[in-house]
K.L.:
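Let me give you the structure first, and then I'll get to my questions.
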Amino acid sequence: GEQDKYKKTLWPRAVSSDDWSDSYESMIVLWKRYPSVGDGFAWLDWATHQHIHRRQPDKKYGPYTGGHFDGSTGRCLAVHAMMCSRGVRHVPWQESVCVGAVQNSGELLLAVSSKSPYRGKLCFDGPRTQYPAATIDWARINEMPQWFIAGPEKTYVVSIDGSKPRSLKGRELIEGLEVAMQPGIVRKICVKLAGE
């Protein structure tokens, strides 16, 4: 469609990682505010893979260019990961664990898998803007978009792999939902506000 012609322009292949991360992170911030924009997620997901050509060819991990723009790239990739998981992260971090999520009519639907055994917590995002230093969201200065926000005093209904739903306070979700993973098994978790 319309996006295909932009995929062949200079922007995705720009030499500077800052060119990519500045425009890409700005698009995430805009899409958060205007989610009805057509294929926003498809474009963002495609675009995040375009940073790969900037990596030093002899290194799987580490600096992209070795310059200060690597900070922008790291931040941008963190923003992308939070968008894909709707702010849910696994603690302790383990490379083999994948967390993906979608929001649908007030529900958060999570899919979690791992290539190796894992035991840890899924920690949900709390209301960061309640703190005085973050009362203003300055786009790309201090903003880290929030997607699914667990209210500490709100009650949520949580079902794991179709099990009997249980009630948890938002603060319990923020502290972390215990999860154990075995290779090849996708855990499906549904979280929604009680009474909805």
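What you see is a predicted model, and the numbers here were worked out from it, not measured in a lab.
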K.L.:
Between the side chains of T155 and K169, is a donor N or O closer than 3.5 angstrom to an acceptor N or O?
P.N.:
yes
K.L.:
Is there a donor-acceptor pair closer than 3.5 Å between any side-chain N or O of Y156 and the backbone N or O of G151?
P.N.:
yes
K.L.:
Identify each donor-acceptor pair in which a side-chain atom of residues 83-92 lies under 3.5 Å from a protein atom, sequence neighbours left out, and give them as a table.
P.N.:
| from | atom 1 | to | atom 2 | distance (Å) |
| --- | --- | --- | --- | --- |
| S85 | OG | A81 | O | 3.2 |
| S85 | OG | G87 | N | 3.4 |
| S85 | OG | V88 | N | 3.4 |
| S85 | OG | V88 | O | 2.7 |
| R86 | NE | Q103 | OE1 | 3.4 |
| R86 | NH1 | M83 | O | 2.4 |
| H90 | NE2 | Q94 | N | 3.1 |
| H90 | NE2 | Q94 | O | 3.1 |

K.L.:
As an exercise, state the distance from CD1 of I28 to CZ of R33, rounded to the nearest 0.5 Å.
P.N.:
12.5 Å
K.L.:
Which atoms form the tightest heavy-atom contact between S96 and S116, and what is the distance?
P.N.:
OG-OG, 2.8 Å
K.L.:
List the atom of G126, the atom of I149, and the distance in Å for their closest heavy-atom pair.
P.N.:
C-CG2, 3.6 Å
K.L.:
For the residue pair K121 and E178, what are the closest heavy atoms and their distance?
P.N.:
CE-OE2, 3.2 Å
K.L.:
What distance do D125 atom CG and W147 atom CH2 have between them, rounded to the nearest 0.5 Å?
P.N.:
11.5 Å
K.L.:
Less than 4.5 Å apart, side chain to side chain, heavy atoms only: is that true for P117 and Q182?
P.N.:
yes
K.L.:
Could you pull out the closest heavy-atom pair between E107 and C190, with the gap in Å?
P.N.:
OE2-SG, 3.7 Å
K.L.:
Tell me, do K154 and L193 make a side-chain contact under 4.5 Å, heavy atoms counted?
P.N.:
yes
K.L.:
How far apart are the C-alpha atoms of L108 and F124, what are their side-chain angles, what is the distance that settles it, and do they pass the side chain to side chain contact (heavy atoms under 4.5 Å, CB included) test?
P.N.:
CA-CA 11 Å; L108 180 70; F124 290 66; 3.6 Å; yes
K.L.:
For V112 and M181, which heavy atoms make the closest approach, and how far apart are they?
P.N.:
O-CE, 3.0 Å
K.L.:
Side chains of V191 and L168: does their closest heavy-atom pair fall under 4.5 Å?
P.N.:
no
K.L.:
Return the CD to OG distance between E172 and S167, rounded to the nearest 0.5 Å.
P.N.:
9.5 Å
K.L.:
Output the distance between atom CD1 (I189) and atom CG (L109), rounded to the nearest 0.5 Å.
P.N.:
10.5 Å
K.L.:
Tell me the closest heavy-atom pair linking V186 and A111, and the distance in Å.
P.N.:
CG1-CB, 4.1 Å
K.L.:
Using only atom types and a distance under 3.5 Å, with no angle test, would you say the side chain of K32 pairs donor to acceptor with the backbone of Q146?
P.N.:
yes
K.L.:
List for me each residue that meets side chain to side chain donor-acceptor pair (under 3.5 Å) alongside E153, sequence neighbours excluded, and say none if there are none.
P.N.:
R171
K.L.:
Are any non-hydrogen side-chain atoms of L122 and V99 less than 4.5 angstrom apart?
P.N.:
yes
K.L.:
Heavy atoms, side chains only, cut-off 4.5 Å: are I174 and P152 in contact?
P.N.:
yes
K.L.:
If the condition is side chain to side chain donor-acceptor pair (under 3.5 Å), which residues does R187 pass it with, not counting sequence neighbours?
P.N.:
D161
K.L.:
Are L177 and W93 linked, directly or through other ILVMFWY residues, by side chains that come within less than 4.5 angstrom of each other?
P.N.:
no
K.L.:
Check the pair V97, K115 against side chain to side chain contact (heavy atoms under 4.5 Å, CB included), reporting the backbone distance first and the verdict last.
P.N.:
CA-CA 7 Å; V97 178; K115 293 178 182 174; over 6 Å; no
